[in-house]
Peer 1: 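Let me give you the structure first, and then I'll get to my questions.
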Amino acid sequence: MSRITGIRCWALQDQRQSLILAAQGTDLAEIIYWGPRLPDGTDLEMLVAAARMDVTGGMLDAVPPLSICPEARRTFPGQPGLSLTDSTGKALLPRFAFDRAEEGDLSLILHYHDADNGLHYQAGFALTPTTGMIRAQASLASEQPISVNWLSAPVFPGPQNSHEMIDFHGRWIGEFQTSRTPWSAGARLRDNPTGRTGHEYFPGLIVPCTGATNSQGSAYAFHYGWSGGHKMLAEELPDGRRQIQWGHATGSRRTPGIKFETAPLYAVFSDQGINGCAVAFQRHMRDEILQPPAPARPRPVHYNCWEAVYFDHDHATLCDIASRAAALGAERFVLDDGWFGKRDDDTSSLGDWTIDARKYPDGLMPLIDHVHAEGMTFGIWFEPEMINPDSDLFQTHPDWVMGDPDQVLGRQQMVLNIALPEVQAYLYERISAGLSDHPIDYVKWDHNRVLPEPDSAQAEAIYALFDRLRAGFPSVEFESCSSGGGRIDFGILSRTHRVWLSDSNDPLERLRIQHEAALFLPMVVTGSHVGPRQCHTSGRITDIRLRAWVAAQRHMGFEMDPRELTVDEAKVLRDVTNWWKDNRHWTERADILRLDSDDPTVIAELQRAEDGSRFVAFAGLSETSAQILPRPLRLTGLDADATYDIRLLNRDDAPGLSRGSPLLKTETAPLSGQYMMHQGITLPWTFPQSIWVIEGTRL
Ligand code: GLA
């Protein structure tokens with residue numbers, strides 16, 4: 001048997017997985033295994049030997065390694081992990097040699113250098129066993145200033161037992177749409193030029209292995225935690241191997257320098273279906289990324305006045321609305337856009353962060369006092385990174401704007417160059433004055449247009465501004481909004497506490513968006529509001545029951561004008577809100593498991609308590625089913641041997657056309673986990689555009 005000599009091997013392992021890296025001699029390491037945990041005592045060198053590939057006609061005499069940073073000068077048959085030029089514009093083709101490894105129990109940092117080009121490359125891996133998440137990050141240091149066109153985070157191999165990959169696109173009011181692309185020779189490239197995370201480019205990828213579903217099989221998933229726009233490359237090489245690269249978008253590192261770093265790449269393996277990846281992301285996001293405000297507190301029910309009044313702020317009306325919202329159960333009142341400058345519509349005043357004395361002659365305190373008297377806290381909207389040409393700020397500082405003076409505007413606005421220290425100082429002063437002068441516990445931070453050109457310095461600068469504000473105001477919560485879900489990623493979420501998932505308050509659209517977003521986001525950060533009876537963005541009229549329960553799936557709030565509610569609607573909303581409050585102590589830490597619905601019109605999920613003692617499942621019927629009766633709803637993630645008391649919480653919502661007597665229409669049924677996961681539960685017939693809510697308690 002010929003073993004390979006001069007091999008270095010490293011292993012990162014937890015209960016669920018092993019990640020094995022190996023390198024020949026001083027070469028860059030390669031991930032040679034990533035999957036279910038290998039038996040203790042596995043001979044890693046044997047794995048290297050066993051995985052050695054053949055060569056045949058028409059090939060080189062050896063197969064170039066698919067390393068953590070494939071090098072162009074080593075005849076690698078795919079895209080390299082780096083693209084650099086020196087100060088004269090000449091391409092640099094590094095060849096790295098091993099320096100040293102820093103090995104911890106659950107971490108590994110590999111150091112390499114290229115003496116000829118004066119370059120130092122570093123790749124770090126850290127495994128969090130409580131969530132199963134691997135965090136991988138690469139950095140590059142140069143002895144001379146260089147330009148980095150591309151620097152990939154450590155490169156992961158893609159599984160060959162996979163037919164397709166799933167990534168994400170979307171648009172305003174249509175976030176988190178999935179694209180399923182079959183693997184084939186060549187590359188799938190997502191390269192985001194917008195300078196922000198974007199509705200169009202959520203930086204996530206799921207690679208299900210053949211046969212995987214939400215609830216079974218193996219799957220891999222990735223997320224690049226960066227708010228400045230990413231590039232993803234998923235490539236099948238001519239020899240069949242697959243590589244997955246992530247980094248900052250092409251052209252976004254605009255200035256030469258001597259130190260460069262990728263954002264963290266979050267990578268997870270699951271042998272429990274795609275849900276295993278989703279739960280790892282949800283838990284990691286909630287427990288490792290999120291920096292809760294101090295002191296931590298339960299999520300309050302929001303009331304946001306945007307769709308009630310838009311820019312039309314009138315003290316008496318806002319007070320009336322606030323009182324009604326409080327009576328419905330709201331715990332925080334959010335004053336949205338329109339309180340500053342002379343902002344009567346979206347054409348002016350961004351940048352002029354002073355209270356509009358026409359609308360608030362005595363300042364904001366009278367409204368805040370009223371909100372407090374109703375038992376709610378007060379939150380406020382800002383869009384700090386933006387400026388309207390029609391603003392005082394623009395008159396004084398046209399030089400603070402990014403891009404050309406004659407650029408195309410977006411929502412009548414331009415972007416401030418936050419990387420300029422004077423702009424940072426101005427914004428910090430304005431926002432901190434607002435937060436110091438008023439009892440504000442929450443800021444909805446908006447970002448309503450793309451950058452005129454991608455520039456990673458902008459995202460770095462916004463992180464710095466957030467870090468400063470968080471340090472100065474540790475009890476204030478921030479929400480990341482960007483025309484809805486245009487800036488959702490682990491980079492911004494390590495500085496904020498909630499995302500405004502979408503400007504669509506249409507519960508049918510929201511049901512789908514929430515379902516897909518749960519692949520990465522836990523309940524606790526995902527804002528969801530009960531909108532007006534007739535949705536302002538879709539025109540659709542929906543029942544309050546659907547609107548309320550869809551909002552209750554996540555961090556609940558209201559955004560309609562409460563004066564439009566009928567007595568019945570107000571009662572339903574109060575009841576659902578009370579349910580949400582009564583349950584948030586466990587739903588805030590629940591795992592969201594997407595159900596493999598056997599009816600394509602049903603979007604369903606199960607939220608399982610951390611200790612497995614209870615769950616709530618939601619089955620939303622988005623349109624009329626093809627068959628006449630509902631198919632059984634198969635649950636997942638339960639203890640097969642346990643019995644659960646199953647109650648159809650909203651069984652009274654069954655319409656008159658449900659004429660039969662399925663048990664759950666009248667009874668609480670004790671059913672085994674095995675039965676519900678294999679056979680499924682039998683629900684009553686109902687109207688399209690409605691939702692069943694099923695509670696389960698382990699006996
Ligand atoms: C964006 C947000 C909305 C609202 C408006 C205010 O569109 O996504 O929720 O705050 O701005 O102008």
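Position 1 is the first residue of the sequence, and the numbers go up from there. When a ligand or atom number is given, it counts from 1 through the structure's own listing order.
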Peer 1: Assess, by modelled atom type and distance only, whether the side chains of H497 and E477 contain a donor and an acceptor separated by less than 3.5 Å.
Peer 2: no
Peer 1: Would you mind listing every side chain to side chain donor-acceptor pair (under 3.5 Å) that reaches into residues 422-432, with sequence neighbours excluded?
Peer 2: none
Peer 1: Closer than 4.0 Å to some heavy atom of K444 - which atoms of ligand 1 meet that?
Peer 2: 3 (C), 4 (C), 9 (O), 10 (O)
Peer 1: Can you list the atoms of ligand 1 that are under 4.0 Å from a heavy atom of C481?
Peer 2: 2 (C), 8 (O)
Peer 1: Should the ring pair F378 and F333 be called parallel, tilted or perpendicular, given that the plane angle runs from 0 to 90° and is split at 30 and 60?
Peer 2: parallel
Peer 1: Only heavy atoms of D337, strictly under 4.0 Å: list the atoms of ligand 1 that pass.
Peer 2: 6 (C), 12 (O)
Peer 1: With heavy atoms under 4.0 Å as the rule, classify the contact between S483 and ligand 1 as side chain, backbone, both or neither.
Peer 2: backbone
Peer 1: Tell me, please, whether W692 has R545 positioned over its six-membered ring: NZ or CZ under 6.0 Å from the ring centre and within 45 degrees of its axis?
Peer 2: no
Peer 1: What part of E383, side chain, backbone, both or neither, has a heavy atom within less than 4.0 angstrom of ligand 1?
Peer 2: neither
Peer 1: Considering non-hydrogen atoms of the protein only, which is the closest contact for atom 2 (C) of ligand 1, and what is the distance?
Peer 2: D446 OD2, 3.0 Å
Peer 1: Once you measure the plane-to-plane angle for W353 and W381, does it fall in the parallel (<30°), tilted (30-60°) or perpendicular (>60°) bin?
Peer 2: tilted
Peer 1: For atom 4 (C) of ligand 1, which candidate among L350, D503, D336 holds the nearest heavy atom?
Peer 2: D336
Peer 1: Could you tell me whether R411 approaches ligand 1 through its side chain, its backbone, both or neither, with non-hydrogen atoms closer than 4.0 Å?
Peer 2: side chain
Peer 1: Can an N or O of W306 be found at a distance shorter than 3.5 Å from an N or O of ligand 1?
Peer 2: no
Peer 1: Looking just at side-chain N and O atoms, do E605 and Q514 make a donor-acceptor pair shorter than 3.5 Å?
Peer 2: no
Peer 1: What I want to find out is whether R196 reaches E385 closely enough, with some N-O distance under 4.0 Å, to be called a salt bridge.
Peer 2: no
Peer 1: Quick check for you: to the nearest 0.5 Å, what is the distance between D287 atom CG and M133 atom CE?
Peer 2: 11.0 Å
Peer 1: At under 4.0 Å between heavy atoms, is it the side chain or the backbone of N304 that contacts ligand 1, or both, or neither?
Peer 2: neither
Peer 1: Taking non-hydrogen atoms only, is N448 closer than 4.0 angstrom to ligand 1 via side chain, backbone, both or neither?
Peer 2: side chain
Peer 1: Under 4.0 Å from a heavy atom of G484: which atoms of ligand 1 are those, numbered in the order shown and with their elements?
Peer 2: 8 (O)
